[in-house]
Amino acid sequence: MTDSSEKKWVIVDGTLHDEAEFYDDLNSREAYAYEVIRVIDGKPLLVEEHVERFDRTLEGLGAENTLTSESVREDISKLFEANNVHNDNVKIILLGGRMYMKLVGAEYPSEADYRDGVKVGILRAMRVNPQAKVSDSALREVADRRIAESDVYEVLLLDRENCVTEGSRSNVFFIKDGTVFTSPAEGVLLGITRQMIVKICEDNGILVVEKKISEKSFGEYDAAFISGTSPKVLPIRCITNEGDRNPAGEDVLLSAGEPTLRRIMELYDRAVEENISK
């Protein structure tokens with residue numbers, strides 16, 4: 001959560017403005033390119049990586065990115081000082097030729113969530129263009145409705161073959177006998193946290209295999225976790241599909257304490273500390 005419930009300031013093209021002036025733009029259903037950066041104690045995480053991905057997204061859309069890592073850091077500093085906050089996610093939006101930056105008012109998992117894992121659901125839905133980080137208001141609304149109705153932390157998206165691709169706002173990994181499995185890169189939005197986890201695993205001798213993971217095979221794995229800007233590395237304790245039961249006819253239970261999962265969580269937290277201390 002932010003340190004203050006009042007978020008009165010946004011940045012538009014590098015300049016501070018009252019967010020009320022741009023309410024319609026900031027709440028538009030029109031598709032827009034965006035990035036979300038986590039800020040911990042006033043220090044933005046993985047700025048260079050986010051700017052590089054934003055470059056790729058805009059290049060694919062035929063648009064130009066005017067942001068640099070330096071300008072993003074400066075704007076985040078101005079935004080946080082103006083709103084008197086220290087911890088939150090920042091959303092950068094390119095819409096209608098204007099570059100917006102605003103606070104998200106993010107909510108993060110609890111200590112119990114990291115210790116015990118969270119319950120997730122499934123949703124048969126696919127992104128139109130998973131290679132570009134572009135808003136999809138229709139998918140977001142359907143996912144949010146399923147999350148609320150099923151009382152789950154997140155929903156995992158299934159493709160036409162009933163294979164998991166990613167979460168509605170996260171990537172997903174499964175673990176079996178110490179090996180990490182995740183969906184093929186070409187079918188998912190390549191999260192910055194996902195990329196960081198893959199590198200951490202490679203650097204520490206943990207095998208990562210990209211393969212299609214079917215809904216029917218969920219119960220064959222020892223553990224699973226989602227990754228993202230807000231959840232970081234968050235264990236899954238249960239996969240459910242209330243109202244549309246999975247083929248096994250029961251919830252899939254997974255271990256939140258599986259050793260490889262716990263090692264990845266520790267390695268990721270250490271990498272985050274090193275990144276923000278630079």
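What you see is a predicted model, and the numbers here were worked out from it, not measured in a lab. Hydrogens, waters and symmetry mates are skipped; everything else that's a heavy atom, side chains included, is used.
Taking the six-membered ring for Trp, F181 and F173 have ring centres at least 6.0 Å apart. In summary, the aromatic rings of F22 and H17 are positioned with their centroids under 6.0 Å apart.
V172 approaches T165 most closely through the heavy-atom pair CG1-O, 4.3 Å. Closest heavy-atom contact between I122 and R146: O-NH1, 2.7 Å. The shortest heavy-atom contact between K212 and P184 is N-CD, 4.0 Å.
For E81, the CD atom counts as loosely surrounded, since its 6.0 Å shell holds 12 or fewer non-hydrogen atoms of other residues, nucleotides or ligands.
N275 contributes no side-chain N or O that, together with a main-chain N or O of A271, makes up a donor-acceptor pair within less than 3.5 Å. Between the side chain of R194 and the main chain of I226, no donor-acceptor pair closer than 3.5 Å is present. Here the side chain of N87 pairs a donor or acceptor atom with the backbone of D41 at under 3.5 angstrom. Side-chain N or O atoms of S217 include none that pairs as donor or acceptor with a backbone N or O of E220 at under 3.5 Å. Listed for the N89 side chain is no donor-acceptor partner under 3.5 Å among the backbone atoms of V36. Although no hydrogens or angles enter the test, the distance criterion places a donor-acceptor pair under 3.5 Å between the side chain of S135 and the main chain of Y32. No donor-acceptor distance shorter than 3.5 angstrom exists from the side chain of S71 to the backbone of L67, with no hydrogens or angles considered. Put simply, the side chain of D159 gets close to the backbone of E161: a donor and an acceptor are under 3.5 Å apart. Of the possible donor and acceptor atoms, one in the side chain of K78 sits under 3.5 Å from a partner among the backbone N and O of G14.
Looking at heavy atoms from C-beta onward, V209 lies out of side-chain contact with V180 at the 4.5 angstrom threshold. Using a 4.5 Å cut-off on side-chain heavy atoms (C-beta onward), M101 and I76 make contact. Here the side chains of V233 and I197 are in contact, with some heavy-atom distance below 4.5 Å.
Clustering ILVMFWY residues whenever any of their side-chain heavy atoms sit less than 4.5 angstrom apart, transitively, puts L189 in a cluster other than the one holding V208.
Taking the ring axis of F80 as reference, the NZ or CZ atom of K43 does not stay both within 45° of it and closer than 6.0 Å to the ring centre. Annotation: cation-pi geometry satisfied between R38 and Y108 (NZ/CZ under 6.0 angstrom from ring centroid, within 45° of ring axis).
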**OP:** Could you please spell out the steps behind the ring pair (Phe, Tyr, Trp, His ring centres under 6.0 Å) verdict for F218 and F174?
**Re:** CA-CA 8 Å; F218 288 168; F174 288 78; 5.3 Å; yes

Subject >> Y153/D113 under side-chain hydrogen bond (donor to acceptor under 3.5 Å, both in side chains): CA gap, chis, key distance, verdict >> reply: CA-CA 10 Å; Y153 183 89; D113 291 333; over 6 Å; no

Original post:
Is there a side-chain hydrogen bond (donor to acceptor under 3.5 Å, both in side chains) between S170 and E154 once you walk through the steps?
Top reply: CA-CA 8 Å; S170 63; E154 169 69 301; 2.9 Å; yes

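Exactly one of E35, Q195, E48 qualifies for a side-chain hydrogen bond (donor to acceptor under 3.5 Å, both in side chains) with R53. That residue is E35.
We find the CG-CG distance between L139 and L123 to be 7.0 Å, quoted to the nearest 0.5 Å.
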